[in-house]
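In this text, all values refer to a predicted model and were calculated from it rather than measured experimentally. Because only heavy atoms are used, hydrogens play no part in the values below, and waters and symmetry mates are left out as well, while side chains stay in.
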Amino acid sequence: MDAALVHHYFGTKDQVFAAAIELSFGPALELPGAMAAGGPDGMGERVARFMLGVWERPATRGPLLAIVRSAVTNERAAAVFRGLVGRRVLARVAGELRVPDPEFRVQLAAAQLVGIIMLRYVVKVEPIASASAEDLVAVVAPTLQRYLTDPDVRPGAAQEQRD
């Protein structure tokens with residue numbers, strides 16, 4: 001294989017990176033389907049269990065760690081990753097929600113999960129790093145459920161309460 005062949009099939013370096021991310025991120029792309037199975041009740045638990053399940057498997061964790069490390073150290077990689085995650089995961093998950101401000105809610109849930117993933121798998125902060133996945137699911141699921149389904153979760157809600 002040479003550079004011309006790679007360029008022929010993928011175009012730019014960013015497109016090669018995007019293809020690698022998509023392949024490695026494949027299991028996480030199934031989140032919208034897993035989330036939708038079962039309706040709004042228990043959605044937070046399904047999301048937490050699914051994402052932690054993907055990261056708990058060594059076969060999927062290694063490639064995902066490489067992607068995350070690239071995205072936090074290289075702006076071009078971050079832009080490619082952001083585009084893929086935004087289009088293929090967050091937008092699809094938001095499309096499954098039947099509540100106001102679905103994009104905002106999904107981003108809140110993603111922020112919660114990304115924080116846990118970073119602490120547990122990337123920087124390995126204790127006690128999160130050694131907690132059982134089931135314990136983490138039990139603790140984080142109610143927060144995710146609130147973000148995804150509570151009617152009071154919306155942009156500007158905190159300001160309205162202060163006024």
Side-chain angles (χ1 to χ4, degrees), residues 1 6 9-10 13-97 99 102-150 153:
M1 181 176 281
V6 171
Y9 283 103
F10 296 102
K13 283 192 238 180
D14 289 348
Q15 291 169 314
V16 171
F17 184 69
I21 288 175
E22 191 154 352
L23 180 64
S24 298
F25 210 70
L29 298 177
E30 301 303 317
L31 175 61
M35 191 182 111
D41 292 339
M43 189 179 292
E45 182 177 343
R46 287 192 305 277
V47 168
R49 188 174 310 287
F50 180 86
M51 287 307 291
L52 286 171
V54 168
W55 279 88
E56 285 294 303
R57 290 191 301 274
T60 52
R61 183 183 324 130
L64 290 173
L65 280 170
I67 291 167
V68 168
R69 288 181 178 130
S70 294
V72 298
T73 59
N74 180 298
E75 180 50 40
R76 287 178 61 191
V80 172
F81 183 64
R82 195 169 35 249
L84 176 72
V85 169
R87 255 188 350 273
R88 297 290 308 274
V89 179
L90 300 181
R92 289 180 56 211
V93 169
E96 295 295 330
L97 296 178
V99 293
E103 294 85 8
F104 180 72
R105 293 163 177 272
V106 168
Q107 288 176 6
L108 286 173
Q112 181 80 37
L113 288 167
V114 167
I116 290 169
I117 287 164
M118 290 296 290
L119 289 174
R120 181 175 175 86
Y121 303 103
V122 179
V123 294
K124 300 179 181 175
V125 173
E126 292 296 343
I128 288 179
S130 62
S132 76
E134 282 303 310
D135 285 347
L136 291 174
V137 167
V139 172
V140 76
T143 300
L144 297 177
Q145 185 71 30
R146 180 177 163 271
Y147 288 158
L148 296 170
T149 62
D150 190 301
V153 173

Would you name the heavy atoms of [X] and [Y] that are closest together and state the gap between them?
{"X": "Ala133", "Y": "Arg120", "result": "N-NH2, 3.9 Å"}
{"X": "Leu136", "Y": "Ile128", "result": "CD1-O, 4.1 Å"}
{"X": "Leu148", "Y": "Ala109", "result": "CD2-CB, 4.1 Å"}
{"X": "Pro102", "Y": "Ala94", "result": "CB-O, 3.5 Å"}
{"X": "Pro63", "Y": "Ala59", "result": "CD-O, 3.3 Å"}

Next item on the list: List in chain and number order the residues that pass ring-ring contact (aromatic ring centres under 6.0 Å, His included) with Tyr121, two or more places apart in sequence or in another chain; answer none if no residue qualifies.
Entry: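 Per chain and number, Tyr121 pairs via ring-ring contact (aromatic ring centres under 6.0 Å, His included) with Trp55.
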Between atom [atom1] of [X] and atom [atom2] of [Y], what is the distance when rounded to the nearest 0.5 Å?
{"X": "Arg105", "Y": "Leu90", "atom1": "CZ", "atom2": "CG", "result": "15.0 Å"}
{"X": "Arg57", "Y": "Leu52", "atom1": "CZ", "atom2": "CG", "result": "11.0 Å"}
{"X": "Thr143", "Y": "Leu108", "atom1": "OG1", "atom2": "CG", "result": "11.0 Å"}
{"X": "Glu56", "Y": "Glu134", "atom1": "CD", "atom2": "CD", "result": "9.5 Å"}

Next item on the list: Assess whether side-chain contact (heavy atoms from CB on, under 4.5 Å) is satisfied between Arg61 and Leu64, documenting all intermediate values.
Entry: CA-CA 5 Å; Arg61 183 183 324 130; Leu64 290 173; 5.8 Å; no
Would a 4.5 Å heavy-atom cut-off, applied to side chains only, mark [X] and [Y] as touching?
{"X": "Glu96", "Y": "Met43", "answer": "no"}
{"X": "Leu65", "Y": "Val68", "answer": "no"}
{"X": "Leu144", "Y": "Gln112", "answer": "yes"}

Look at the side chain of [X] and the backbone N and O of [Y], then say whether any donor-acceptor pair between them is shorter than 3.5 Å.
{"X": "Thr149", "Y": "Arg146", "result": "no"}
{"X": "Gln145", "Y": "Asp150", "result": "no"}
{"X": "Arg46", "Y": "Gly39", "result": "yes"}

